[in-house]
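The analysis underlying the following values was restricted to heavy atoms, covering all of them including side chains, and did not include hydrogens, waters or symmetry mates.
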Amino acid sequence: MRLRRPPHREAIALNARESYALHEFRGSHWGFVWHHHPEIELTLIVSGHGMRFVGASAEPFGPGDLCLLGPGLPHTWTSQPTPGTPVRSLVAQFLPAVIAPLLTLPEGRRIPPLRTRAPGGLVDEGAKRPAVAPRLGAHTAMPPAVR
C-alpha cells in the first residue's frame, strides 16, 4: 500500500531534564495522522482495534499490540469509532542517544540486534507484552519528576 501524502514531522515535547516522554492516549477512535519523529517509540495498544501503518506496512491491530519504532519511521494507528469501545494506548518516546550508554552495560548485549531491526519497526507478538503493559502503565501515571 502506498500512501499519497508525506508524513509530517511531529515535535515531541521534552524538557531539558528528560530524555524520554510518556503518554497515555484515550478516545473514541484514532484518526489518520501520518507522522514521523527522531525519537524511538514504544507503543502498546491497551484497547481498540484498527489498522497500524508503519513504513510500508499496513496491518490490523488490537489490544496487546506492542510495537517498537526506530527514529524517523513514518507511522500511525487508525480506527473507526465504535460505541462503547474506547481506544487507549501507552506510548514511550525516547532519544536515540539514550541507548548508547546502555550498550556498554552487560544488560545491553541484547540491544544492538533491536537497534538494527527497529528502523523498520518491530511488533512483539509473543510473551513480552504481559510484562511490558503494567510497567509502561505505571510509568505514565507518575509525574515527570518521579519517573
| said: I'd like to know whether His75 forms a side-chain hydrogen bond (donor to acceptor under 3.5 Å, both in side chains) with His36, so could you lay out the CA-CA distance, the side-chain angles of the two residues, the decisive distance to 0.1 Å, and finally the verdict. | reply: CA-CA 6 Å; His75 60 280; His36 68 93; over 6 Å; no
| Is any side-chain heavy atom of Phe53 closer than 4.5 Å to a side-chain heavy atom of Trp77? | no
| said: Is any side-chain heavy atom of Asp65 closer than 4.5 Å to one of Leu44? | reply: no
To check you understand the geometry: which heavy-atom pair defines the closest contact between [X] and [Y], and what is its length?
X     : Y     : value
Cys67 : Arg52 : SG-CD, 4.0 Å
Pro71 : Pro38 : CB-O, 2.9 Å
Gly48 : Pro63 : O-CD, 3.4 Å

Scan the side chains in residues 92-99 for donor-acceptor partners under 3.5 Å anywhere in the protein, sequence neighbours excluded, and list what turns up.
{"from": "Gln93", "atom 1": "OE1", "to": "His23", "atom 2": "NE2", "distance (Å)": "3.2"}
{"from": "Gln93", "atom 1": "NE2", "to": "Glu41", "atom 2": "OE1", "distance (Å)": "2.9"}

For the atom pair [atom1] ([X]) and [atom2] ([Y]), what is the distance rounded to the nearest 0.5 Å?
X     : Y     : atom1 : atom2 : result
Tyr20 : Glu39 : OH    : CD    : 14.5 Å
Thr78 : Trp34 : OG1   : CH2   : 11.5 Å
His29 : Thr85 : NE2   : OG1   : 13.5 Å
Thr43 : Leu69 : OG1   : CG    : 5.5 Å

| message | Testing Ile40, Val54, Leu68 one by one against Leu73 for a side chain to side chain contact (heavy atoms under 4.5 Å, CB included), which residue passes? | response | Val54
| Glu10 and His37: side chain to side chain contact (heavy atoms under 4.5 Å, CB included), yes or no, with the steps? | CA-CA 5 Å; Glu10 180 181 56; His37 42 75; 3.2 Å; yes
| query | Taking Ser79 for the side chain and Trp30 for the main chain, is one N or O donor matched with an acceptor at less than 3.5 Å? | reply | yes
| request: Answer yes or no: is there a donor N or O on one side and an acceptor on the other, between the side chain of Thr76 and the main chain of Val33, under 3.5 Å? | output: yes
| note | By side-chain hydrogen bond (donor to acceptor under 3.5 Å, both in side chains), Arg26 pairs with (sequence neighbours left out) Glu24
| task | Show the numbers, then the answer: is there a side chain to side chain contact (heavy atoms under 4.5 Å, CB included) between Leu42 and Val91? | result | CA-CA 6 Å; Leu42 180 65; Val91 178; over 6 Å; no
